[in-house]
Protein chains: 2
Amino acid sequence: MSRPSVRDRLTDAALTLFDERGYEQTTVEDIVERAGVGRTTFFRHYGSKEAVIFPDHDRLLDAVRDRLTTSSHATGLVAVSDAVRLVLLHYLEEGDLARRRYALTSKVAALRDREIASVGRYQRLFREFITDWMGDRTPGASLRAEIMAAAVVSAHNHVLRRWLRGECADPVAEIDEAMRDVIALFAPAGTPQGTTDRSTDGTTVLAFRSDQDLDALLPELRRLLTGSSKG
Amino acid sequence: MSRPSVRDRLTDAALTLFDERGYEQTTVEDIVERAGVGRTTFFRHYGSKEAVIFPDHDRLLDAVRDRLTTSSHATGLVAVSDAVRLVLLHYLEEGDLARRRYALTSKVAALRDREIASVGRYQRLFREFITDWMGDRTPGASLRAEIMAAAVVSAHNHVLRRWLRGECADPVAEIDEAMRDVIALFAPAGTPQGTTDRSTDGTTVLAFRSDQDLDALLPELRRLLTGSSKG
DNA sequence: CATACTTACGGTACTGAGTCCCACCAGGGG
DNA sequence: CCCCTGGTGGGACTCAGTACCGTAAGTATG
């Protein structure tokens with residue numbers, strides 16, 4: 001039986017020390033001393049002190065990108081949902097490491113910021129994909145794409161955090177349900193839930209601002225509801 | 001005529017140097033040399049090198065928190081929309097500084113990460129407020145709250161970026177429209193339940209979603225406009 | 001006017017992250 | 001045998017950020 005790899009020794013040493021004396025109180029010097037390697041070796045394996053806790057985020061990001069580009073068969077949000085499930089599964093496979101990371105990011109502000117920043121990268125990826133998929137024919141399409149990406153990522157984070165806190169037995173089932181909710185949120189009402197299946201678009205979304213009485217507004221209201229069914 | 005304050009000299013020197021030779025290529029030493037002050041003084045005014053570009057984010061965050069806690073008169077998403085408008089107006093008042101910051105965050109990854117992290121703080125604030133406001137009676141309420149917060153923040157960022165890029169003449173009008181869209185997105189379909197906010201300046205903002213005829217909606221509409229704000 | 005107290009500033013020295021370079025030492029062909 | 005290559009260790013360096021101390025300029029108080 002061979003000794004564990006240098007990389008593993010480093011992660012072990014780092015996480016142990018982070019637990020013992022806290023993240024900021026642990027220097028890279030401490031880590032390499034416990035791991036029994038040189039300081040240079042640490043930075044060769046992990047580009048920074050933070051990176052010990054966030055391993056191969058880049059590779060996962062690439063995997064997500066690949067999944068998105070090769071899944072043109074599915075409609076936009078469904079493809080994104082698939083990619084998101086990929087991310088969640090990655091965390092699930094990490095198992096204990098993911099939970100230790102969560103404990104750390106909950107305490108250390110710098111790590112929480114880094115976590116958020118890396119989430120932002122996924123969101124950016126999704127946004128670009130959805131924007132590309134929708135094409136910004138209509139004004140407001142890019143806004144809609146952005147909100148979609150944000151919603152998808154939020155759903156993922158929500159389920160992930162529930163699992164990390166141990167509040168969730170079957171995260172895969174929950175992510176699927178959450179994704180269905182998100183898709184239903186953006187799908188034109190009437191079609192997915194089958195409440196009232198009208199031909200084109202039974203939904204009426206109305207938003208206006210006025211300082212007049214309702215009765216004074218009625219003609220304008222009626223005009224909005226009958227005339228402009230925004231296509 | 002007195003010389004500009006130390007703080008202003010520091011920001012000027014920093015931004016100029018960042019433009020000239022880039023962010024990473026500029027040391028704090030360079031900045032203080034050009035500003036004609038000591039190195040210690042720099043860190044007294046700005047806690048870090050990045051903070052020169054992101055001034056008083058903490059104060060703005062506090063302002064948003066105050067606005068949220070004191071705006072119990074409005075329903076959840078409307079209160080959040082008001083707070084978001086506050087943030088946007090802050091950026092608009094910054095004017096040139098905001099644009100220079102945008103140019104920098106577009107190039108330097110570290111700064112972009114910091115920007116995203118600070119946006120995450122707003123989102124967290126909104127999420128907590130909405131969660132609190134909705135109360136998680138139903139399962140999935142906290143997920144919904146999280147998505148709402150994400151959507152609101154996304155809308156803000158979208159309009160802000162458009163303004164920063166000079167693609168947008170009237171950002172306040174756009175943010176209001178975007179917020180109406182967001183509110184309409186989350187208003188439940190089928191039942192003409194909507195949100196109203198009539199306390200600001202005599203104007204009434206109404207947003208709802210329905211698949212029924214206007215005539216069928218009228219009673220509910222009238223209830224929203226007359227009864228609900230009284231309680 | 002003199003004495004304290006306060007506030008802002010500058011300087012020095014230090015820690016710690018991250019980089020660079022060079023030297024070492026395996027193994028694996030020629 | 002030498003050469004080449006990849007992983008390693010060490011030492012020196014840059015730079016951000018902190019701690020501490022000394023000092024000059026107000027400002028109140030006697």
Side-chain angles (χ1 to χ4, degrees), chain A residues 2-18 20-58 101 104-105 107-115 117-118, chain B residues 2-18 20-58 101 104-105 107-115 117-118:
Chain A
S2 61
R3 289 176 74 191
S5 74
V6 173
R7 218 184 142 92
D8 290 344
R9 290 217 306 279
L10 281 173
T11 20
D12 274 359
L15 287 176
T16 306
L17 288 174
F18 290 165
E20 281 179 12
R21 28 180 129 162
Y23 177 79
E24 276 119 352
Q25 283 67 40
T26 305
T27 73
V28 177
E29 196 76 33
D30 298 333
I31 299 174
V32 298
E33 184 187 1
R34 174 179 267 253
V37 297
R39 215 176 81 95
T40 315
T41 306
F42 177 91
F43 287 106
R44 251 191 286 266
H45 285 274
Y46 300 103
S48 72
K49 183 181 166 188
E50 297 175 350
V52 191
I53 317 180
F54 303 98
D56 51 48
H57 255 347
D58 294 338
R101 184 194 307 125
L104 282 171
T105 51
K107 284 177 191 163
V108 186
L111 298 178
R112 181 169 48 241
D113 285 355
R114 161 131 189 184
E115 174 86 36
S118 88
Chain B
S2 62
R3 291 175 73 190
S5 74
V6 173
R7 217 184 143 92
D8 290 343
R9 289 217 307 277
L10 280 172
T11 17
D12 275 358
L15 287 176
T16 307
L17 288 173
F18 291 165
E20 281 180 13
R21 28 179 129 164
Y23 176 78
E24 275 119 352
Q25 283 66 40
T26 305
T27 73
V28 176
E29 197 74 34
D30 298 334
I31 300 174
V32 299
E33 185 186 3
R34 174 179 268 253
V37 297
R39 215 176 83 94
T40 314
T41 305
F42 177 90
F43 287 106
R44 252 192 286 266
H45 285 273
Y46 299 103
S48 73
K49 183 181 166 187
E50 296 174 351
V52 191
I53 318 179
F54 303 99
D56 51 46
H57 255 346
D58 294 337
R101 183 194 306 126
L104 282 171
T105 52
K107 284 177 192 164
V108 186
L111 298 178
R112 181 167 49 240
D113 285 356
R114 161 132 190 181
E115 175 86 34
S118 86

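Residue numbering restarts at 1 for every chain, and letters A, B, ... go by the order of the sequence lines.
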Straight-line distance of [X] [atom1] to [Y] [atom2], nearest 0.5 Å:
X	Y	atom1	atom2	value
A/Leu17	A/Asp12	CG	CG	10.5 Å
B/His57	B/Glu115	NE2	CD	5.5 Å
A/Leu104	A/Leu15	CG	CG	6.5 Å
A/Ile31	A/Leu10	CD1	CG	8.0 Å

Value in whole Å for how far the P atom of D/dT14 lies from CD of B/Glu24: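 Nearest whole value for this atom pair: 18 Å.
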Length of the CG-C1' vector between B/Leu10 and D/dA16, whole Å: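 For the pair B/Leu10 CG and D/dA16 C1', the rounded distance is 15 Å.
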Partners of [X] by salt bridge (Lys or Arg N to Asp or Glu O under 4.0 Å), sequence neighbours excluded?
X	value
B/Asp56	B/Arg59
B/Arg101	B/Glu94
B/Asp30	B/Arg21
B/Arg34	B/Glu20

Partner residues of B/Tyr23 under the ring-ring contact (aromatic ring centres under 6.0 Å, His included) criterion, sequence neighbours left out: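 ring-ring contact (aromatic ring centres under 6.0 Å, His included) check on B/Tyr23 returns B/Phe18.
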Along DNA chain C, first and last positions that approach a heavy atom of chain A under 4.0 Å: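 Answer, 5' to 3': C/dG16 to C/dT19.
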Net bend of the helix from C/dC1-D/dG30 to C/dG30-D/dC1, end axes of five pairs each, nearest 10 degrees: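 Computed angle between terminal axes is 20°.
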Within residues 40-52 of chain B or reaching into it, pairs that qualify as side chain to side chain donor-acceptor pair (under 3.5 Å) - sequence neighbours excluded: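 Residue pairs with at least one partner in residues 40-52 of chain B: B/Glu50-B/Arg114.
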Where protein sits on nucleotides 8-13 of chain D, one letter per nucleotide: B base, S sugar-phosphate only, - none, heavy atoms under 4.0 Å: BBBB--
